[in-house]
Amino acid sequence: MIRAVRLAAALLLACLGLVLTVQAPASAADCTCRQSGKLDQQVERADAVFIGTVDNVEVASKDHTYDVTASRAYKGAPERSTQVFSAGGKNACGLGELAVGTSYLFLATGTEAPFEADTCGGTSAANPTKVAKVEALLGEGTSVEPPPPPTAQRTLVEDSPPAGFARAAAPGAAAAIIGLLGLVVVRRLAR
C-alpha cells in the first residue's frame with residue numbers, strides 16, 4: 001500500500017513538473033530566425049545597408065532605440081545622424097543593448113529614420129570580412145557626410161531707410177521731461 005502511494009506521488013510530481021515546464025514563459029532564446037538566410041538574401045531584403053557608430057541606446061520596455069552616426073551607405077539614404085529601432089520581447093530577435101562607441105553594419109528596413117533592424121536581418125558588428133562581402137554585393141558605397149552648415153543672410157545697412165525725426169528725437173525729449181520734473185520736485189522739497 002505504501003509503495004503504491006509513493007508511486008502515485010512520484011507520478012503526480014512528474015506530471016506537475018511537466019505542466020510547469022510547458023507553461024513557463026518563453027525566454028529570449030525563442031528567436032526563431034537564427035540569422036535567417038545567407039548574406040546576399042539579407043542584403044536583398046534590406047531597404048538600407050550602412051555602417052554606423054552607436055552614440056546612445058534608449059531602452060523602453062524590451063525595445064531598443066539607437067542613436068547612430070552613419071559613416072558609409074551601401075543601400076538606401078540614411079542621414080549622418082539617424083536612429084535605428086529594434087523590437088524586444090518574445091520571438092522578436094532584437095539586437096539587444098549594442099555597445100556605445102562601436103561600429104555596426106546595419107541591414108535595416110524602412111526608408112527613413114527610425115530604421116528597423118534585428119538579428120534576423122543580419123545586423124552585426126562591422127568586421128572587415130562582412131564589410132568586404134557587402135561591398136562585393138553592393139559596391140564600395142558612399143560616404144555619409146554631415147549636412148552643410150546654414151548659410152548666413154546679409155542685410156545691407158545702406159538699403160534700410162533712416163529713422164524718422166520722431167524716433168530720433170524721442171530719447172532726448174524723454175530725458176528733458178524727466179530733468180524738468182526732477183527740478184520741480186527738488187524746488188518743492190526745498191521750500
Using modelled atom types and a 3.5 Å cut-off, is there a donor and acceptor pairing between side-chain atoms of [X] and backbone atoms of [Y]?
X: Asp63; Y: Gly88; result: yes
X: Arg80; Y: Glu145; result: no
X: Lys75; Y: Ala46; result: yes
X: Asp47; Y: Thr109; result: no
X: Ser86; Y: Ala117; result: yes

Could you state the interatomic distance from [atom1] ([X]) to [atom2] ([Y]), rounded to the nearest 0.5 Å?
X: Tyr74; Y: Leu137; atom1: OH; atom2: CG; value: 11.5 Å
X: Lys130; Y: Ile51; atom1: NZ; atom2: CD1; value: 11.0 Å
X: Thr119; Y: Gln42; atom1: OG1; atom2: CD; value: 9.5 Å
X: Thr53; Y: Leu98; atom1: OG1; atom2: CG; value: 11.5 Å
X: Asp55; Y: Thr69; atom1: CG; atom2: OG1; value: 3.5 Å
X: Glu44; Y: Leu39; atom1: CD; atom2: CG; value: 11.5 Å

Q | side-chain hydrogen bond (donor to acceptor under 3.5 Å, both in side chains) against Thr82, all qualifying residues, sequence neighbours excluded | A | none
Q | Flag if over 12 foreign heavy atoms under 6.0 Å of CD, Gln83 | A | yes
Is there a path of hydrophobic side-chain contacts, each under 4.5 Å between heavy atoms of I/L/V/M/F/W/Y residues, joining [Y] to [X]?
X: Leu138; Y: Phe115; answer: no
X: Tyr104; Y: Val49; answer: no
X: Leu95; Y: Val59; answer: yes
X: Leu105; Y: Val54; answer: no
X: Val100; Y: Phe50; answer: yes

Q: Search all heavy atoms of Glu140 against all heavy atoms of Glu135 and return the closest pair with its distance.
A: O-OE2, 3.9 Å
Q) Gly52 and Phe106: which non-hydrogen atoms are nearest, and at how many Å? A) O-CE1, 3.8 Å
(Q) For Glu58 and Asp67: C-alpha separation, side-chain torsions, deciding distance, then whether side chain to side chain contact (heavy atoms under 4.5 Å, CB included) applies. (A) CA-CA 8 Å; Glu58 294 178 21; Asp67 294 330; 3.9 Å; yes
Q) What orientation do Tyr66 and His64 show, parallel under 30°, tilted 30 to 60°, or perpendicular over 60°? A) parallel
